[in-house]
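These notes are about the structure you will find just below.
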Amino acid sequence: MVYFVFGAYTYRSRVKVREIVAAFRQKAGGVLNVTRIDAADEPDAIFSIGRTASLFSAKELCIIEAVSAVRRDIQEYVMERVGAWASDKTLTTVFWEDGADVDGSEVLEAIRDAATKVQECAPLGAAALPKWIDAEAAERGVTLRAEERRAIAVRYGSDLWAISQELEKVRSGWSVQEEVKTEEKIWGLTDEFLAGGRGAFRPLENLLAAGHDPIYLVGALASSLRSLASVWWGARHRGSKAATTKMHPFVAKKYALLAAKTSSTALEAKFVALADADTEL
């Protein structure tokens with residue numbers, strides 16, 4: 001049997017591989033011969049697939065990472081053998097590729113065609129992200145309020161690895177509420193800055209007085225400006241959906257409203273102002 005797990009979202013794909021290993025270990029009653037091969041570091045180990053059966057386990061599970069990175073002769077060996085591995089009743093081979101683009105890679109296309117099961121870990125859409133966060137939180141015994149979930153989603157977008165680390169911090173006693181309060185103050189500054197006028201001076205003064213690093217605040221302003229510029233461009237070039245794919249719906253709506261009343265001249269002036277501030281700091 002052959003599994004092929006790939007996609008741009010490494011965290012999800014690694015979780016999927018762990019699930020496969022756990023399922024096979026359970027089937028084997030805990031006795032399973034598992035071989036892991038990082039093809040980028042030890043490419044010749046691929047020649048040993050199917051030849052390392054254990055005296056204590058009738059079945060073998062082999063996990064191969066980054067087969068697309070190996071030299072041509074090994075790729076040809078994989079293409080020649082992958083069909084036999086797929087029909088083997090005692091051998092299960094899992095090919096894992098980090099962010100692989102299958103089309104155009106001869107060896108990956110061959111694996112995909114021969115695989116018993118194919119799992120592509122594509123980006124989570126904005127609508128699916130809150131459910132994923134809730135599921136991950138529940139698995140860790142963590143309960144999040146709606147505003148806490150939104151704060152995490154807005155801050156990290158679809159970076160599932162970063163979100164999982166934040167949930168681990170919550171389980172260890174870190175307060176999302178305190179972080180939310182701080183984030184709201186910074187969002188207040190960025191919103192006033194993007195809207196124009198003199199409204200940004202008071203929140204900036206308060207944040208600096210509270211000890212926030214000026215470099216961090218300039219970075220927050222720059223990040224919000226990049227997002228606004230992306231939405232502004234998308235709205236004028238029929239690419240609004242692509243521009244907001246990784247944004248939380250609340251954030252996308254907010255920037256869409258701002259973009260509608262922002263001129264290119266105003267955007268340029270803000271970029272210049274931030275570049276000047278960065279240089280001065």
Side-chain angles (χ1 to χ4, degrees), residues 1-124 132 136 139 156-165 168 245-246:
M1 183 178 291
V2 169
Y3 282 80
F4 182 33
V5 182
F6 69 101
Y9 277 65
T10 305
Y11 181 82
R12 288 180 67 200
S13 63
R14 283 204 179 277
V15 168
K16 185 62 182 178
V17 170
R18 287 201 298 270
E19 289 174 355
I20 293 170
V21 173
F24 274 85
R25 199 180 295 279
Q26 185 176 15
K27 273 187 180 179
V31 181
L32 184 66
N33 185 28
V34 180
T35 302
R36 294 179 181 271
I37 299 172
D38 187 337
D41 292 336
E42 44 179 348
D44 290 326
I46 291 177
F47 292 124
S48 68
I49 295 174
R51 300 177 183 175
T52 57
S54 167
L55 292 173
F56 305 101
S57 175
K59 297 197 173 184
E60 180 183 2
L61 176 63
C62 186
I63 302 165
I64 305 169
E65 297 187 14
V67 72
S68 62
V70 301
R71 61 183 187 268
R72 180 63 186 177
D73 64 312
I74 298 180
Q75 290 190 11
E76 289 176 348
Y77 176 80
V78 170
M79 289 187 284
E80 178 186 326
R81 299 293 302 156
V82 70
W85 293 336
S87 59
D88 196 314
K89 301 297 183 184
T90 61
L91 171 67
T92 298
T93 307
V94 180
F95 289 95
W96 179 83
E97 289 287 324
D98 178 11
D101 184 4
V102 176
D103 295 329
S105 170
E106 191 176 358
V107 66
L108 295 184
E109 287 182 351
I111 293 169
R112 180 184 60 187
D113 293 343
T116 314
K117 293 185 179 179
V118 177
Q119 176 72 56
E120 179 180 5
C121 296
L124 280 178
W132 186 91
E136 288 290 305
E139 189 175 319
Y156 295 104
S158 53
D159 187 344
L160 305 186
W161 175 254
I163 292 173
S164 69
Q165 296 305 297
E168 284 297 323
T245 299
K246 296 184 179 181

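Values below: every heavy atom of this structure, side chains too, minus hydrogens, waters and symmetry copies.
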Between atom CH2 of Trp85 and atom CD1 of Ile64, what is the distance when rounded to the nearest 0.5 Å?
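Answer rounded to 0.5 Å: 5.5 Å.
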
Enter the distance from Ile63:CD1 to Arg36:CZ here, rounded to the nearest 0.5 Å.
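Here the interatomic distance stands at 3.5 Å.
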
Would you list the atom pairs, donor with acceptor, under 3.5 Å between side chains in residues 39-46 and any protein atom, with sequence neighbours excluded?
unit_1, atom_1, unit_2, atom_2, d
Asp44, OD1, Arg71, NH1, 3.4
Asp44, OD1, Arg71, NH2, 2.6

Short side-chain to backbone donor-acceptor contact, Gln119 and Lys16, under 3.5 Å:
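Pair absent, no side-chain N/O of Gln119 close to backbone of Lys16.
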
Treating Thr116 as the side-chain partner and Tyr3 as the backbone partner, does any N or O pair qualify as donor plus acceptor under 3.5 Å?
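The answer is no, because no donor-acceptor pair under 3.5 Å joins these two groups.
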
Which heavy-atom pair separates [X] from [Y] by the least distance, and what is that distance?
X     : Y      : value
Thr35 : Glu60  : OG1-OE2, 3.9 Å
Met79 : Ala110 : CG-CB, 3.8 Å
Ile49 : Cys62  : CG1-SG, 3.9 Å
Val2  : Val82  : CG2-O, 4.0 Å

From the options Leu108, Val78, Ile111, select the one residue that forms a side-chain contact (heavy atoms from CB on, under 4.5 Å) with Ser68.
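Testing each of Leu108, Val78, Ile111 against Ser68, the sole residue satisfying side-chain contact (heavy atoms from CB on, under 4.5 Å) is Leu108.
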
Please identify each residue that fulfils salt bridge (charged side-chain N to carboxylate O under 4.0 Å, His left out) with Arg112, with sequence neighbours left out.
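Arg112 satisfies salt bridge (charged side-chain N to carboxylate O under 4.0 Å, His left out) with Asp103 once adjacent residues are dropped.
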
Apply side chain to side chain contact (heavy atoms under 4.5 Å, CB included) to the pair Val70 and Val107, showing each step before the final yes or no.
CA-CA 10 Å; Val70 301; Val107 66; over 6 Å; no

Can you tell me which residue pairs pass the salt bridge (Lys or Arg N to Asp or Glu O under 4.0 Å) test with a partner in residues 75-95, sequence neighbours excluded?
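Pairs touching residues 75-95 that pass the test: Arg72-Glu76.
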
